[in-house]
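This report refers to the structure that appears directly beneath it.
Side chains included, hydrogens not; waters and symmetry mates left out as well; all remaining heavy atoms used.
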Amino acid sequence: MKVYYDLHIHSCLSPCGDNEMTPNNIVNMAMIKGLDVIAVADHNASQNVKAAMAVAKKRDVLVIPAMELQTSEEVHLLCLFRKLSDLESFQEIVDSHLLGIPNNVKKFGEQIIMDHEDEPIGNIDHALIFSTTLSFEKAVAGVRACGGFVLPAHINRQSNGVLAVLGFIPEGVNFTTVEVSNDDLGTRF
């Protein structure tokens, strides 16, 4: 059985996202593109995942609860979970490791929390673009302790890829999968 997927999608909550990347737009575009499985993985945040999952229940798309975490070393990790409650438990850990720097909306854009009808229900006031204080090893352990699966994101990119930032993949983390980014072909796993 073939399954088409994209496990690294940002919503309007991420600093690199755009305000039109709403839960409905994400899920409906996934359907148009023929994707079976997606993961909404915002930077250091997960508040739009629940809305995307609610939208997907009415569509033939599976949404995996996810987050793209930025470690204290500035490495991006893609964190995937089986259940929303596991992601929410991990979000509590992340929240305690955020720097709390106010978001500069003019520089980084809005960070909008949406409901399942794409109505704004809030904003995150601290900037999500900055690293957390979680080290690479502690982040990996935290994801796994919450029942999640973690993999280094876009390992071959010069910005925030583990190979560019650290120069190696730390021993003992035992990754079975990494995300490789290819600008010409999209994202491949």
For this session: Mind checking side chain to side chain donor-acceptor pair (under 3.5 Å) for Thr71 and listing every partner two or more places apart, or none if nothing turns up?
Result: Glu73

Problem set entry | Those residues that, when tested against Gln47, pass side-chain contact (heavy atoms from CB on, under 4.5 Å) (two or more places apart) | Leu13, Ala45, Gln91, Ile113, Ile124

Distance-only donor-acceptor pairs under 3.5 Å for side chains of residues 137-145, two or more places apart:
{"residue": "Arg144", "atom": "NH1", "partner": "Val173", "partner atom": "O", "Å": "2.7"}
{"residue": "Arg144", "atom": "NH2", "partner": "Val173", "partner atom": "O", "Å": "2.6"}

For this session: Could you list all the ring pair (Phe, Tyr, Trp, His ring centres under 6.0 Å) pairs where at least one residue sits in residues 70-98, not counting sequence neighbours?
Result: His43-His76, His76-His154, Phe81-Phe90

Exercise. If only atom types and distance count, is the side chain of Asn28 paired as donor or acceptor with the main-chain N or O of Asn24 below 3.5 Å?
Worked result: yes

Exercise. Who pairs with Thr132 by side chain to side chain donor-acceptor pair (under 3.5 Å), at least two apart in sequence or on another chain?
Worked result: none

Problem set entry | All ring-ring contact (aromatic ring centres under 6.0 Å, His included) counterparts of Tyr4, not counting sequence neighbours | none

Exercise. Can you name the residues that form a side chain to side chain donor-acceptor pair (under 3.5 Å) with Glu110, not counting sequence neighbours?
Worked result: Asn19

Kindly list each side-chain donor-acceptor pair under 3.5 angstrom involving residues 162-170, sequence neighbours excluded, with atom names and distances?
none

For this session: Just jot down the side chain to side chain donor-acceptor pair (under 3.5 Å) partners of Asp42, sequence neighbours excluded, or say none.
Result: Ser11, Ser14

Tabulate below the donor-acceptor pairs under 3.5 Å that side-chain atoms of residues 102-109 make, not counting sequence neighbours, or state none.
{"residue": "Asn103", "atom": "ND2", "partner": "Gly109", "partner atom": "O", "Å": "2.9"}
{"residue": "Asn104", "atom": "OD1", "partner": "Lys106", "partner atom": "N", "Å": "3.2"}
{"residue": "Asn104", "atom": "OD1", "partner": "Lys107", "partner atom": "N", "Å": "3.1"}

Exercise. So do Met53 and Leu84 actually touch side chain to side chain, heavy atoms under 4.5 Å?
Worked result: yes

Problem set entry | Test item: Asn160 side-chain N/O and Glu74 main-chain N/O as donor-acceptor pair under 3.5 Å | yes

Problem set entry | Residues that, via side-chain heavy atoms closer than 4.5 angstrom, fall in one hydrophobic cluster with Ile112 | Met114

For this session: Could you tell me which residues satisfy side-chain contact (heavy atoms from CB on, under 4.5 Å) with Ile38, sequence neighbours excluded, listed by chain and number?
Result: Ile9, Ile26, Val27, Ala30, Leu35, Val61, Val63

